[in-house]
Amino acid sequence: LPLWGEVDAAHRALYAGSELAYQHEAALRQVALVYPVVDAAAQHSLEAATLLVALELSKATWVIALSAPFSDRISHYSIAGGDAAVSVTTKVRNDGRTRAKLQVVTRLIDTAGAVAAQENTQATVAPASTVDVAQSLKVMRARLWNGVADPYLYRLSVEIRTEQGKLLDAREQAFGIREMRVDPEKGLLLNGQPYRLHGVGLHQDREGKGWALSEDDVAADIATIREMGANTIRLTHYQHGQTVHDLADRYGLVLWDEIPLVSMWTQGKDTQASPALLANARQQLSELIRQNGNHASVATWGVANEVDFGN
């Protein structure tokens with residue numbers, strides 16, 4: 001679970017996926033859980049779901065240093081005949097006072113450092129506005145992310161440059177190309193082939209530390225899971241940090257991500273969840289997808305845990 005911000009602005013910046021220029025800071029602090037709720041039923045359900053109202057966390061936190069212009073990324077792809085088309089949408093925001101003429105340079109880079117695909121696109125962004133720059137990368141003879149057998153990862157690089165080529169902002173992320181779908185007869189299909197899952201549910205806590213886990217602690221848990229022979233993990237029952245997602249990408253583990261809505265949708269004699277609770281769940285799910293949508297390991301977005309409780 002990334003550090004919940006002490007103020008809503010920090011929370012919004014962290015979950016918007018725009019941590020493009022940052023400093024890394026180690027922090028141990030008490031944090032009040034921040035989520036806007038508007039009725040008592042939603043508040044009660046949220047507290048029951050997350051189990052804790054105040055947490056002691058030792059996490060890597062991002063100090064956002066927003067420059068103009070800056071960007072974030074949403075990526076999708078299709079696979080056919082051994083080739084892949086990677087569609088990248090880059091949101092570019094201009095916080096400056098003048099119109100900006102820019103280049104968006106997107107590259108997919110293989111493990112040998114060679115550029116597997118590249119696209120350069122011109123964009124003009126008005127002051128205090130955001131534009132979506134859509135690009136498509138054609139990857140010939142794409143090497144697929146294929147679970148534990150071959151968890152191949154490219155690097156997806158996005159740069160924002162001026163017309164003259166000066167670098168303004170950049171982001172790079174490990175990126176696997178794969179296709180997952182669920183068939184009622186064959187189960188999970190990974191790149192068109194049945195993929196039998198053997199896995200565990202993982203909570204992010206440890207005796208003597210609670211949720212104040214280091215990256216080494218998370219890595220040790222993943223090492224134990226891999227030693228067991230598991231190839232899938234349900235990240236129960238809340239958003240987990242980026243470390244476990246990065247390791248799952250690297251080792252080919254299939255993930256089930258989940259929001260912290262646990263056990264109770266209703267209270268008393270109510271038979272329908274309140275509008276506030278549904279809006280809160282929708283917000284959390286949107287944030288979960290925005291944070292982790294580019295991870296090859298994520299197969300499922302879970303909406304809740306034990307949803308048969310309540311009326």
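Computed over heavy atoms, backbone and side chain alike; hydrogens, waters and symmetry mates excluded.
S297 and M180 make their closest contact through O-CE, 4.2 Å (heavy atoms, listed as atom of the first residue, atom of the second, distance). Across all their heavy atoms, S136 and E119 have their closest contact at O-OE1, 3.6 Å. Shown here for R97 and P127, the closest heavy-atom pair between the two residues is O-CG, 3.5 Å. Closest non-hydrogen pair, A219 versus L247, comes out as CA-CD1, 3.7 Å.
Counting heavy atoms from C-beta outward, R143 and D110 have side chains that stay 4.5 Å or more apart. Side-chain contact between V158 and V104: present, with at least one pair of heavy atoms (C-beta onward) separated by less than 4.5 Å. The side-chain heavy atoms of L213 and T243, taken from C-beta on, include no pair separated by under 4.5 Å. Side-chain contact between V105 and Q118: present, with at least one pair of heavy atoms (C-beta onward) separated by less than 4.5 Å. With contacts defined as side-chain heavy-atom distances shorter than 4.5 Å, the pair L253/V148 qualifies. Residues L285 and L261 fail the side-chain proximity criterion, which asks for heavy atoms closer than 4.5 Å.
A side-chain donor-acceptor contact under 3.5 Å links D217 and S214. A side-chain donor from one of N292 and Q242 sits under 3.5 Å from a side-chain acceptor of the other. A side-chain N or O of Q283 and one of E287 form a donor-acceptor pair less than 3.5 Å apart.
Separating the CD atom in Q135 from the CG atom in L137 is a distance of 6.5 Å, to the nearest 0.5 Å. Rounding to the nearest 0.5 Å places CG of L235 at 5.0 Å from CG of L255. For the atom pair OG1 of T224 and CZ of R226, the computed distance is 11.0 Å after rounding to the nearest 0.5 Å. Taken from CD in Q122 to OG1 in T124, the straight-line distance is 8.0 Å, to the nearest 0.5 Å. To the nearest 0.5 Å, the span separating CG on D221 from CD on Q204 amounts to 10.0 Å. Taken to the nearest 0.5 Å, the CD1 atom of I160 stands 14.5 Å off from the NZ atom of K166.
Classified by interplanar angle (parallel below 30°, tilted 30° to 60°, perpendicular above 60°), the ring pair Y238/H203 is tilted.
For NZ of K101, the number of neighbouring non-hydrogen atoms (other residues, nucleotides, ligands) closer than 6.0 Å is 12 at most. For W301, the CH2 atom is densely surrounded, since the number of other residues' heavy atoms within 6.0 Å is greater than 12.
Looking only at distances, a side-chain donor or acceptor of N231 sits under 3.5 Å from a matching main-chain atom of H198. Without hydrogens or angle criteria, R178 side chain to A296 main chain gives a donor-acceptor distance under 3.5 Å. Without hydrogens or angle criteria, Q284 side chain to I259 main chain gives no donor-acceptor distance under 3.5 Å. For S157 (side chain) and R107 (main-chain N/O), no donor-acceptor pair under 3.5 Å exists by modelled atom type. Formation of a donor-acceptor pair under 3.5 Å by the Q103 side chain with backbone atoms of E163 is found in this model. Side-chain N or O atoms of Y251 include none that pairs as donor or acceptor with a backbone N or O of D249 at under 3.5 Å. At distances below 3.5 Å, at least one donor-acceptor pair connects side-chain atoms of T236 with backbone N or O atoms of L202. Looking only at distances, no side-chain donor or acceptor of E172 sits under 3.5 Å from a matching main-chain atom of L156. No donor-acceptor pair under 3.5 Å is formed between the side chain of S129 and the backbone N or O of V125.
With hydrophobic clusters built from ILVMFWY side chains whose heavy atoms lie under 4.5 angstrom apart, L197 shares a cluster with W145. Both V298 and V244 are part of a single hydrophobic cluster, where members link through side-chain heavy atoms under 4.5 Å apart. F175 and V115 are not part of a single hydrophobic cluster, where members link through side-chain heavy atoms under 4.5 Å apart. A continuous path of ILVMFWY side-chain contacts below 4.5 Å connects L153 to L190, so both sit in one hydrophobic cluster. No continuous path of ILVMFWY side-chain contacts below 4.5 Å connects L189 to Y195, so the two sit in separate hydrophobic clusters.
Residues satisfying the ring-ring contact (aromatic ring centres under 6.0 Å, His included) test with Y152, not counting sequence neighbours, are Y154. For R161, the salt bridge (charged side-chain N to carboxylate O under 4.0 Å, His left out) test picks out E159, with sequence neighbours left out. The side-chain hydrogen bond (donor to acceptor under 3.5 Å, both in side chains) check on N191 picks up N146, with sequence neighbours excluded.
Only one option out of D257, N305, T300 pairs with R234 in a side-chain hydrogen bond (donor to acceptor under 3.5 Å, both in side chains); it is N305.
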Residues V133, L102; criterion side-chain contact (heavy atoms from CB on, under 4.5 Å); working and verdict: CA-CA 11 Å; V133 179; L102 308 167; over 6 Å; no
